[in-house]
Amino acid sequence: MVSKLHVVLLVLCALSLAQAQLRLFDLRASKLPSNLFGTADGYVKVFCGETSLGKTAVRKDTANPWWEEEFNYFHALENDEMKLEVYDNDLLFDDQLGVCQRQLQPGTHQHDCFLKKGGTLHYSYTLG
């Protein structure tokens with residue numbers, strides 16, 4: 001006969017490996033750099049692990065874009081890596097302004113990420 005303690009431990013172990021919903025929201029940037037073509041036309045590509053969750057719309061001619069899109073992923077695990085790639089949309093090829101990477105933790109979090117070529121990406125996520 002299995003004791004109640006063993007059952008509780010099994011349930012707790014299963015919960016720690018359980019998939020959770022990731023919600024990424026409130027994506028915005030500040031002070032994106034200008035280039036030869038003028039002010040940045042920024043957008044963000046979103047990944048959880050190796051899975052692409054999509055990309056935002058391009059916000060034209062603004063160093064301080066805000067994106068309305070929210071991204072949801074129902075197969076996220078605690079400590080999965082979320083990656084946000086920030087680009088400047090250009091005529092011939094898009095310039096990568098920087099990459100933000102973070103291991104997911106339960107709860108709601110707000111972060112600022114300083115981009116390699118200048119500017120800051122601000123975002124919030126919930127895992128739960």
Side-chain angles (χ1 to χ4, degrees):
M1 184 166 155
V2 177
S3 73
K4 290 181 183 180
L5 178 60
H6 287 119
V7 172
V8 169
L9 288 174
L10 284 173
V11 169
L12 289 175
C13 288
L15 287 176
S16 68
L17 296 175
Q19 296 173 344
Q21 179 181 355
L22 168 65
R23 178 178 165 248
L24 175 66
F25 58 100
D26 196 23
L27 281 158
R28 53 196 168 81
S30 57
K31 300 181 181 176
L32 293 181
S34 298
N35 60 25
L36 295 174
F37 300 107
T39 307
D41 301 323
Y43 70 93
V44 181
K45 291 182 180 180
V46 179
F47 300 87
C48 185
E50 297 298 318
T51 303
S52 172
L53 305 185
K55 66 180 184 176
T56 66
V58 175
R59 294 287 179 237
K60 295 202 174 282
D61 297 320
T62 179
N64 301 300
W66 176 73
W67 295 278
E68 297 176 1
E69 292 91 337
E70 290 189 5
F71 296 88
N72 292 284
Y73 184 56
F74 294 95
H75 302 289
L77 298 172
E78 182 177 346
N79 294 319
D80 276 356
E81 183 179 81
M82 178 174 60
K83 181 169 61 171
L84 308 173
E85 299 177 349
V86 181
Y87 289 87
D88 177 18
N89 181 257
D90 286 326
L91 188 60
L92 297 176
F93 61 92
D94 295 348
D95 296 322
Q96 188 180 75
L97 300 178
V99 177
C100 304
Q101 297 176 306
R102 178 157 307 273
Q103 284 189 315
L104 297 173
Q105 298 301 314
T108 299
H109 307 273
Q110 294 179 337
H111 293 286
D112 297 326
C113 172
F114 300 101
L115 304 173
K116 184 176 182 178
K117 292 190 176 178
T120 305
L121 179 68
H122 314 274
Y123 63 93
S124 298
Y125 79 87
T126 299
L127 182 66

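Every heavy atom of this structure was used, including side-chain atoms; hydrogens, water molecules and symmetry mates were not.
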Evaluate the side-chain proximity of [Y] to [X]: yes if any heavy-atom separation is below 4.5 Å, no if none is.
X	Y	answer
Thr108	Arg23	no
Tyr125	His111	yes
Leu24	Met82	yes
Leu77	Leu104	no
Leu121	Leu115	yes
Glu78	Gln105	yes
Thr56	Leu27	yes
Asp88	Asn35	yes

Any sub-3.5 Å donor-acceptor pair from [X]'s side-chain atoms to [Y]'s backbone N or O?
X	Y	result
Asn89	Gly42	no
Asp112	His122	no
Glu69	Ala57	yes

Measure across [X] and [Y] and return the closest heavy-atom pair with its distance rounded to 0.1 Å.
X	Y	result
Leu127	Ala76	CD1-CB, 3.7 Å
Gly118	Pro33	O-CD, 3.3 Å
Asp95	Asp90	OD2-OD2, 2.8 Å
His75	Asp80	O-OD2, 4.1 Å

Query raised in the report: Can you list every ring-ring contact (aromatic ring centres under 6.0 Å, His included) pair that touches residues 41-68, not counting sequence neighbours?
Result: Tyr43-Tyr87

To the nearest 0.5 Å, what is the distance between [atom1] on [X] and [atom2] on [Y]?
X	Y	atom1	atom2	result
Ser52	Tyr73	OG	OH	10.5 Å
Ser124	Glu70	OG	CD	10.0 Å
Gln96	Lys45	CD	NZ	8.5 Å
Lys117	Leu97	NZ	CG	7.0 Å

Requested in this report: Run the salt-bridge test on Glu81 and Lys83 with the 4.0 Å N-O cut-off and return the result as yes or no.
Outcome: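 No, Glu81 and Lys83 are not salt-bridged.
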
Query raised in the report: Do Leu53 and Leu22 pass the side chain to side chain contact (heavy atoms under 4.5 Å, CB included) test, and can you show the C-alpha distance, the side-chain angles, and the key distance before you say yes or no?
Result: CA-CA 11 Å; Leu53 305 185; Leu22 168 65; 4.3 Å; yes

Requested in this report: Kindly write out the residues that satisfy disulfide (SG to SG under 2.5 Å) with Cys113, not counting sequence neighbours, or none if the list is empty.
Outcome: Cys100

Query raised in the report: What's the verdict on side chain to side chain contact (heavy atoms under 4.5 Å, CB included) for Tyr123 and Val44, showing C-alpha distance, side-chain angles and the deciding distance?
Result: CA-CA 11 Å; Tyr123 63 93; Val44 181; over 6 Å; no

Report task. For side chain to side chain contact (heavy atoms under 4.5 Å, CB included), just list the numbers for Leu32 and Asn64, CA-CA rounded to whole Å, side-chain angles, deciding distance to a tenth of an Å, and then say yes or no. Result -> CA-CA 7 Å; Leu32 293 181; Asn64 301 300; over 6 Å; no

